[in-house]
Amino acid sequence: MSEKNTELMDKIVSLAKRRGFIFQSSEIYGGINGFWDYGPYGTQMKKAIEKLWWNYMVESRTNVEGLDSTIICHPRVWKASGHLDQFGDLMCDCRECKSRHRVDQMEDPTTCPNCGSKDLTEPREFNLMMKTFVGPVFDEDHTAYLRAETCQPIFVDFNLVRVATRQKLPFGIAQIGKAFRNEINPRNFTFRSREFTQMEMEFFCTDEDAMQWYEYWRDQRLKYYEMLGFSKDVIRTYDHEKLAHYAKAAMDIEFKFPFGWGELEGIHHRGTWDMSQHSEFSGEDMQYVDHDNKRKVMPVVIETSVGADRSMLALLCNAYDEDTAETKKEGKAEEVRIVLHLPAIIAPVQVAILPLSKKLNENAEKLFGDMAKYFRCEYDVTGSIGKRYRRQDEIGTPFCVTFDFDSLEDNCVTVRERDSMSQERVSMDQLRNYIDEKVML
RNA sequence: GCGAGUGUAGCUCAGUUGGUAGAGCAUCACGUUGCCAACGUGAUUGUCGACGGUUCGAGUCCGUUCACUCGCUCCA
């Protein structure tokens, strides 16, 4: 990473803390690696991202249903998915050549099979899944795991959702929720965390239609990022050449973070792997009865899997900007303005209500009350009007509504737009519609 | 996981050969102003990342540890 980009990332991290977007978890105890808290503005923004995704992927479609499953599932879910077996091994690292080996596959557990060095770390259990216990007894029989991905419970509940909703193939099931991974090396702010929110949609279809749906969802998802204001310069797709054992096709949608290109979303053709595994391990037939063609088929899964935290980080990085603006400060003509060009639909505060003077408090507060029913609003009366505009710029508020002395007479307010800093006089009766139109994507 | 660097107020940072913790910005109050970080006066803010050691005395020296950043590694 270049020095300039490190600096940019530092500025974003600093702004995120200072203005209450993202804090390090347990900060007063020195922090805990890989865990992050969302502050007041961060929470608003993350909820808005989730709401937008949910509307785009679930509410606006007749063929996608929602689900909210538990974080802890029956341990056999993770046996079936393959998560447990592949990471249950004792491993040790060679300090000499930095290679990593499974202890049970080493001829001599004290010698590195790669370089012959004796300088090995103690054997350690490697498992990306976080372990816990269900019930008061802490032993092997009561061991359970926090889900490493939100998609598995979707597969598990497939038949329940299908019957309840009378859906026929093809259809999808979507879920937003926490997932947990014991990442070896959390890095790059919230990009790689140990606790994170996934927004996943599993689309079930027949094998013959699968590639067509794969392409459909790829296009839908790319459209979504375009809608959020990401230009072609900062978004790219990456087709996997090396596929996971279960996958038929896979691609990532990547964003150009200051620290480099990073995955925002994966779109995967998972074949029948998951459904077959759960059929085998549970004994429940996960096949779909295709009445039209008088046959039984194992549903094929096309997955779109987004990290909500990564979406948010990408939006912050994409929005961060410094320009210059006029100032009244003595000896200066202009000063740096920090501004987040966030899309209005996901900005933590959409409308700031600012009385020009404290004397106007009463009437301005009433306006706040009216507008807060429809938009995420904030009320601020402290400091000069210019200072308050700058505060709102820093958190990405697209509209500042200033209530002034004339407002009492003409029933109009001034709407100041974030990006252009231009102002327009709008009747308070029309204010809701005026902003509504601009908030829409 | 390996290697290197960093850690002092909310933020950015200063802090001398070890001797009572500072600045700017931010925040708050009052006054003034009344549309782009204005001005004046005043105020608040610290486990100096944590633990231990050396010392009469540690922000400063030593050890351990935690967190962050960078480079490898990893990312089923």
Side-chain angles (χ1 to χ4, degrees), chain A residues 1-3 5-7 9-11 13-20 23-36 39 78 81-89 91-100 119-122 124 126-129 148-149 181-189 191-192 242-247 252 258-260 262-263 266 324-332 334-339 354-360 382-394 400-406 413-418 420-423 425:
Chain A
M1 193 189 332
S2 76
E3 202 168 295
N5 288 337
T6 308
E7 200 179 293
M9 203 57 215
D10 286 346
K11 281 177 178 176
V13 173
S14 160
L15 174 69
K17 180 184 180 185
R18 187 160 41 86
R19 299 310 309 270
F23 307 129
Q24 189 167 25
S25 170
S26 316
E27 200 205 51
I28 62 166
Y29 289 100
I32 174 165
N33 195 343
F35 296 89
W36 301 92
W78 308 107
S81 69
H83 284 77
L84 277 180
D85 290 337
Q86 292 190 33
F87 282 85
D89 305 309
M91 313 276 279
C92 69
D93 293 314
C94 173
R95 291 198 178 93
E96 202 72 35
C97 70
K98 318 294 184 203
S99 59
R100 178 168 293 164
D119 191 10
L120 303 174
T121 60
E122 286 298 303
R124 283 163 300 195
F126 265 75
N127 198 316
L128 246 57
M129 294 205 74
E149 53 187 28
R181 291 181 199 180
N182 266 320
E183 293 288 355
I184 293 164
N185 193 3
R187 197 58 81 89
N188 291 326
F189 201 26
F191 182 79
R192 177 162 292 138
K242 225 173 71 183
L243 295 173
H245 56 89
Y246 53 76
D252 292 344
F259 49 79
E263 181 191 349
T324 50
E326 285 178 39
T327 183
K328 282 186 177 172
K329 276 190 180 172
E330 284 170 0
K332 282 185 175 179
E334 51 183 29
E335 199 171 39
V336 174
R337 178 178 82 125
I338 295 170
V339 52
L354 313 172
L356 197 57
S357 158
K358 282 170 192 159
K359 292 163 196 151
L360 301 162
T382 34
S384 70
I385 191 69
K387 178 175 258 184
R388 283 180 272 163
Y389 285 151
R390 289 293 189 277
R391 282 189 193 127
Q392 297 301 329
D393 288 339
E394 249 190 14
C400 288
V401 173
T402 305
F403 193 99
D404 61 27
F405 292 96
D406 294 334
V413 286
T414 306
V415 179
R416 179 264 195 186
E417 201 270 328
R418 175 193 65 201
S420 63
M421 294 195 280
S422 63
Q423 304 190 339
R425 197 79 179 156

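Letters A, B, ... mirror the listed sequences (proteins, then strands); counts begin at 1.
- Across all strands, A/G34 comes closer than 4.0 Å only to sugar-phosphate atoms, never to a base (heavy-atom distances).
- In this structure, A/G266 and A/D252 approach most closely via the heavy-atom pair CA-OD1, 4.0 Å.
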Heavy-atom protein contacts under 4.0 Å, nucleotides 46-53 of chain B, coded B base, S sugar-phosphate only, - none: -B------
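- The base of B/rC35 sits with one of its N or O atoms less than 3.5 Å from a complementary donor or acceptor on the side chain of A/T414.
- Here, B/rA50 and B/rA58 have their C1' atoms 15 Å apart, quoted to the whole Å.
- B/rA37 atom P lies 10 Å from atom CD1 of A/I385, rounded to whole Å.
- The same atom, C1', is picked in B/rU44 and in B/rC28; the two are 7 Å apart, to the nearest Å.
- If you take CZ on A/R390 and CE on A/M421, they are separated by 6.0 Å, rounding to the nearest 0.5 Å.
- A gap of 8 Å separates the C1' atoms of B/rG59 and B/rG15, to the nearest Å.
- For B/rU27, the OP1/OP2 oxygens have a side-chain nitrogen or oxygen of A/K387 closer than 4.0 Å.
- Between atom OG of residue A/S357 and atom CD1 of residue A/I385 there is a gap of 10.5 Å, rounded to the nearest 0.5 Å.
- Spacing between B/rC11 and B/rG7 at atom P, rounded to whole Å, works out to 14 Å.
- Distance noted for atom C1' between B/rC51 and B/rA37: 42 Å (whole Å).
- Atom-to-atom, CZ of A/R390 to C1' of B/rC36 comes out at 5 Å; the value is rounded to the nearest Å.
- With the nearest nucleotide of RNA chain B identified for both A/K17 and A/N185, A/N185 has the one nearer the 5' end.
- Closest-nucleotide positions on RNA chain B for A/K358 and A/E417 were compared, and the one nearer the 5' end corresponds to A/K358.
- No N or O donor and acceptor, one from the side chain of A/E183 and one from the base of B/rC75, sit under 3.5 Å apart.
- Across the protein-nucleic acid pair, A/R388 atom CZ and B/rC28 atom P stand 11 Å apart, rounded to whole Å.
- A donor-acceptor pair is defined here as one N or O able to donate and one able to accept, closer than 3.5 Å; such a pair exists between the side chain of A/R181 and the backbone of A/A148.
- Across every non-hydrogen atom of A/R425 and A/T414, the tightest pair is NH1-OG1, 3.0 Å.
- Computed from coordinates, the A/N182 CG to B/rC74 P distance equals 18 Å when rounded to whole Å.
- Side-chain N/O atoms of A/R391 include one lying less than 4.0 angstrom from OP1 or OP2 on B/rU27.
- Summarising the geometry, atom CE belonging to A/M129 is positioned 4.5 Å from atom CH2 belonging to A/W78; distances are rounded to the nearest 0.5 Å.
- Closest heavy-atom contact between A/C400 and A/Y389: CB-CE2, 3.6 Å.
- Remark: A/S420 OG to A/R416 CZ distance equals 8.0 Å, nearest 0.5 Å.
- With distances taken from any side-chain atom of A/Y389 to the nucleotides B/rC36, B/rU12, B/rC28, the minimum falls on B/rC36.
- Taking only side-chain atoms of A/R192, from C-beta outward, the nucleotide of B/rC35, B/rC75, B/rA37 with the closest atom is B/rC75.
- If you take CZ of A/F35 and P of B/rC68, they are 11 Å apart, rounded to a whole angstrom.
- Rounded to whole Å, atom C1' of B/rG34 lies 15 Å from atom CZ of A/F403.
- Set against B/rG10, B/rC75, B/rA37, the side chain of A/R18 has B/rG10 as its closest nucleotide.
- Between the C1' atoms of B/rG52 and B/rU47, the separation comes to 15 Å (whole Å).
- Where pairing requires Watson-Crick or G-U contacts shorter than 3.5 Å, the helical stems of RNA chain B with at least three consecutive pairs are B:1-7 with B:66-72, B:10-13 with B:22-25, B:27-31 with B:39-43, B:49-53 with B:61-65.
- Between the side chain of A/R388 and the backbone N or O of A/G383 there is at least one donor-acceptor pair closer than 3.5 Å.
- Nearest to the side-chain atoms of A/T382 among the listed nucleotides B/rA37, B/rC28, B/rU12 stands B/rC28.
- The side chain of A/T402 lies closest to B/rC35 when the candidates are B/rC35, B/rU12, B/rC36.
- As a whole-Å value, the separation of A/K11 NZ from B/rC11 P is 16 Å.
- Within the 4.0 angstrom heavy-atom criterion, base atoms lie near A/K359.
- Separating the P atom of B/rG10 from that of B/rG49 is a span of 13 Å, rounded to the nearest Å.
- Within the 4.0 angstrom heavy-atom criterion, base atoms lie near A/V336.
- Residue contacts shown for A/E394 include a base, since a base heavy atom lies under 4.0 Å away.
- The CZ atom of A/F403 sits 10.5 Å away from atom CG of A/L356, with the distance rounded to the nearest 0.5 Å.
- A/G34 and A/P186 get closest at one heavy-atom pair: CA-CB, 3.7 Å.
- Nucleic acid contact for A/D404: base, since at least one base atom lies under 4.0 Å from a heavy atom of the residue.
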side-chain contact (heavy atoms from CB on, under 4.5 Å) assessment of A/F189 paired with A/F259: CA-CA 10 Å; A/F189 201 26; A/F259 49 79; 5.9 Å; no
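- Note on A/S384: a side-chain N or O is less than 4.0 Å away from OP1 or OP2 of B/rA38.
- Here A/R416 lies in heavy-atom contact (under 4.0 Å) with a base.
- At a threshold of 4.0 angstrom between heavy atoms, the contacts of A/S357 include nucleobase atoms, whether or not backbone atoms are also involved.
- Within 3.5 Å, a donor on the side chain of A/R187 pairs with an acceptor on the base of B/rG71, or the reverse.
- In this structure, the CG atom of A/D10 is 8 Å from the P atom of B/rU69, given to the nearest Å.
- Residues that satisfy the salt bridge (Lys or Arg N to Asp or Glu O under 4.0 Å) test with A/R19, not counting sequence neighbours, are A/E394.
- Taking 4.0 angstrom as the limit, A/Q24 places a side-chain polar atom (N or O) nearer than this to OP1 or OP2 of B/rC68.
- The same atom, P, is picked in B/rC75 and in B/rA14; the two are 39 Å apart, to the nearest Å.
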